[in-house]
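As the structure is a computational prediction, the values presented were derived from the model and not from experiment.
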Amino acid sequence: MAENSVGRGKCFICSAVVDLRKNKAQKLYYTCNGGHDPQGKGCNSVVTMGEIRSENLERELRASQTANNDNNNADNDDDKQPTGSNWLLG
């Protein structure tokens, strides 16, 4: 993931895997170019979240990552199912 990346999610338009990043205004955004999707699927959409949505998603991502780390430490389960919002990937 890129230096300003905060996690992975699914594109709102085509459901391809995207890299969520934070811009200088601290808002989350992504570009769906197929670079992070296993099948190379992408629709070239660019989405920038609003300030409140960005804060809420970052909170969900942190909680999801903490839960995944706790689960991996407890039973070494390598399950990569989406958690949190229906489009965030943990």
Side-chain angles (χ1 to χ4, degrees):
M1 285 192 279
E3 189 173 310
N4 60 345
S5 177
V6 295
R8 295 275 169 100
K10 293 188 293 184
C11 175
F12 290 140
I13 311 299
C14 71
S15 298
V17 175
V18 294
D19 192 29
L20 295 167
R21 297 176 181 207
K22 189 184 288 190
N23 65 17
K24 291 180 182 178
Q26 302 303 304
K27 294 180 181 178
L28 296 181
Y29 73 96
Y30 68 82
T31 302
C32 181
N33 58 13
H36 301 286
D37 190 75
Q39 288 83 34
K41 173 171 78 167
C43 64
N44 292 318
S45 62
V46 177
V47 176
T48 302
M49 316 304 170
E51 184 176 336
I52 301 222
R53 180 70 171 148
S54 294
E55 290 172 3
N56 291 341
L57 287 174
E58 253 193 299
R59 194 174 307 114
E60 286 183 42
L61 278 166
R62 281 194 300 269
S64 171
Q65 290 168 349
T66 301
N68 284 343
N69 288 341
D70 291 345
N71 287 341
N72 287 340
N73 291 339
D75 58 9
N76 291 329
D77 185 17
D78 202 26
D79 188 18
K80 301 291 184 197
Q81 294 297 314
T83 58
S85 289
N86 63 351
W87 67 277
L88 293 176
L89 300 178

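Closest approach of Val17 and Asp37 over heavy atoms only: N-OD1, 2.9 Å. The minimum heavy-atom distance between Gly42 and Cys32, with the atom names listed, is CA-SG, 3.6 Å. Tyr30 and Phe12 get closest at one heavy-atom pair: OH-N, 2.8 Å. Scanning all heavy atoms of the two residues, the minimum distance from Glu58 to Lys22 falls at OE2-NZ, 2.8 Å.
Residues Val18 and Tyr29 fall into different hydrophobic clusters, defined by Ile, Leu, Val, Met, Phe, Trp and Tyr side chains chained together at heavy-atom separations under 4.5 Å.
Side-chain contact between Leu20 and Leu61 is present, with heavy atoms from C-beta onward closer than 4.5 Å. Side chains of Asp19 and Arg8 form a contact here, defined as non-hydrogen atoms less than 4.5 Å apart.
Within the 3.5 Å criterion, the main-chain N or O of Leu28 finds a donor-acceptor partner in the side chain of Ser54.
Considering SG of Cys11 and NZ of Lys41, their distance stands at 8.5 Å, rounded to 0.5 Å.
Counting heavy-atom neighbours within 6.0 Å of Glu55 CD, excluding the residue itself, gives a total above 12.
Asn56 and Arg53 share no donor-acceptor pair across their side chains, judged by distance under 3.5 Å alone.
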